[in-house]
A.B. asks: 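Quick one: the structure is below, and I'll ask about it shortly.
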Amino acid sequence: DIQMTQSPSTLSASVGDRVTITCRASQSISSWLAWYQQKPGKAPNLLIYQASTLESGVPSRFSGSGSGTEFTLTISSLQPDDFATYYCQQYDSFPCTFGQGTKLEI
Amino acid sequence: EVQLVESGGGLEQPGRSLILSCTTSGFTFVNYAMSWFRQAPGKGLEWVGLIRGKTYGETTEYAASMKGRFTISRDDSKDIAYLQMNSLNTEDTALYYCCRGRPAIISYYFDYWGQGTLVTVSS
């Protein structure tokens with residue numbers, strides 16, 4: 001199975017900050033990576049797929065980059081609504097695997 | 001509007017079985033893969049398995065730890081996906097989500113999710 005490792009596990013930031021979350025795969029997954037946002041008590045919400053393609057309706061302050069084994073999710077200017085947990089998911093092969101999550105807190 | 005609504009969760013005893021349903025609307029169900037995930041309290045997301053759409057033969061994939069115990073099926077006439085869980089144990093306690101899959105070359109990512117249904121396994 002492909003292991004996905006996110007860092008950091010917790011990130012403290014303020015409104016207006018630029019933040020970056022990293023996701024590393026245990027082997028190359030090309031660009032087959034998605035990012036999700038999950039708020040407490042809610043289902044995950046797709047933000048980005050194919051490493052850098054923004055899902056329709058997602059604010060442009062979110063961006064993704066990377067290929068192979070290292071990927072990043074960047075939020076250019078944090079808004080109050082962005083404080084949540086973020087997960088990366090590889091879909092290069094089965095089984096689908098996720099990072100352990102990064103909790104973004106105030 | 002795409003909607004997915006899970007149902008069938010609840011309290012069940014270890015060793016028993018449970019069937020979850022995912023009722024969908026707002027898209028052409030037969031054309032899409034459907035997947036199940038779970039999230040134990042305070043934990044991360046765990047993929048359970050997936051059933052492909054009709055174009056891909058409605059074949060299934062499962063996480064190794066659940067293969068043989070869990071079965072995913074679908075009824076294209078009703079736009080419903082199912083997750084049958086057998087031989088439940090306490091480690092199966094989680095919020096179970098269904099979601100719609102978008103295909104890549106081999107695997108899928110997931111664009112619409114239900115709100116989840118809670119399964120608690122306890123004696």
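Residue numbering restarts at 1 for every chain, and letters A, B, ... go by the order of the sequence lines.
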A.B. asks: Rounded to the nearest 0.5 Å, how far does CD of A/Glu55 lie from CZ of B/Arg102?
C.D. replies: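 B/Arg102 CZ to A/Glu55 CD: 4.0 Å, rounded to 0.5 Å.
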A.B. asks: When you compare the side chain of A/Phe94 with that of B/Ile106, does any pair of heavy atoms fall below 4.5 Å?
C.D. replies: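 They are in side-chain contact.
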A.B. asks: With a 6.0 Å cut-off (strictly less than), is the heavy-atom count around CD of A/Glu105, excluding the residue itself, greater than 12?
C.D. replies: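 Yes.
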A.B. asks: Taking only heavy atoms into account, what residues of residues 33-51 of chain B are found under 4.5 Å from chain A?
C.D. replies: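 From residues 33-51 of chain B, the residues near chain A are B/Phe37, B/Gln39, B/Lys43, B/Gly44, B/Leu45, B/Trp47, B/Leu50.
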A.B. asks: When clusters are formed by joining ILVMFWY residues with side-chain heavy atoms under 4.5 Å apart, either directly or through shared neighbours, do A/Leu33 and A/Ile48 land in the same one?
C.D. replies: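 Looking at the clustering, A/Ile48 is in the same group as A/Leu33.
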A.B. asks: Rounded to the nearest 0.5 Å, what separation is found between the CH2 atom of A/Trp32 and the CD1 atom of B/Ile105?
C.D. replies: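 Reported to 0.5 Å precision, the distance equals 4.5 Å.
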A.B. asks: Indicate, with yes or no, if B/Ile80 and B/Leu20 share a hydrophobic cluster defined by side-chain heavy-atom contacts under 4.5 Å among Ile, Leu, Val, Met, Phe, Trp and Tyr.
C.D. replies: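 Hydrophobic grouping puts B/Leu20 apart from B/Ile80.
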A.B. asks: What about A/Leu54 and A/Ile21, same hydrophobic cluster or not, with Ile/Leu/Val/Met/Phe/Trp/Tyr joined at side-chain heavy-atom distances under 4.5 Å?
C.D. replies: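 Same hydrophobic cluster.
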A.B. asks: What part of B/Tyr109 gets within 4.5 angstrom of chain A, counting heavy atoms only: side chain, backbone, both, or neither?
C.D. replies: both
A.B. asks: Got A/Cys96 and B/Phe110 here, is their nearest side-chain heavy-atom distance under 4.5 Å?
C.D. replies: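 Yes, side chains in contact.
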A.B. asks: Among A/Pro95, A/Ala43, A/Pro44, which residue has the highest count of heavy-atom pairs closer than 4.5 Å to chain B?
C.D. replies: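 Highest number of heavy-atom pairs under 4.5 Å: A/Pro44.
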A.B. asks: Should B/Met85 and B/Ile72 be regarded as members of a common hydrophobic cluster, given that ILVMFWY residues are connected when their side-chain heavy atoms come within less than 4.5 Å of each other, either directly or indirectly?
C.D. replies: yes
A.B. asks: If you check every heavy atom in residues 112-123 of chain B against those of chain A, which residues fall under 4.5 Å?
C.D. replies: B/Trp113, B/Gly114
A.B. asks: Flag yes if A/Leu104 and A/Tyr36 sit in one hydrophobic cluster, no otherwise; membership is Ile, Leu, Val, Met, Phe, Trp, Tyr, and two members link when side-chain heavy atoms are under 4.5 Å apart.
C.D. replies: no
A.B. asks: Got a sec: does the CZ of A/Arg61 have more than 12 other heavy atoms crowding it under 6.0 Å?
C.D. replies: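 Counting other residues, nucleotides and ligands, CZ of A/Arg61 exceeds 12 neighbours.
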A.B. asks: Relative to chain B, which segment of A/Gln50 carries a heavy atom at a distance below 4.5 Å: side chain, backbone, both, or neither?
C.D. replies: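 For A/Gln50, no heavy atom lies under 4.5 Å from chain B.
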A.B. asks: Starting from the C-alpha separation in whole Å, work towards a yes-or-no answer on side-chain contact (heavy atoms from CB on, under 4.5 Å) for A/Ser93 and B/Ser107.
C.D. replies: CA-CA 5 Å; A/Ser93 62; B/Ser107 186; 5.8 Å; no
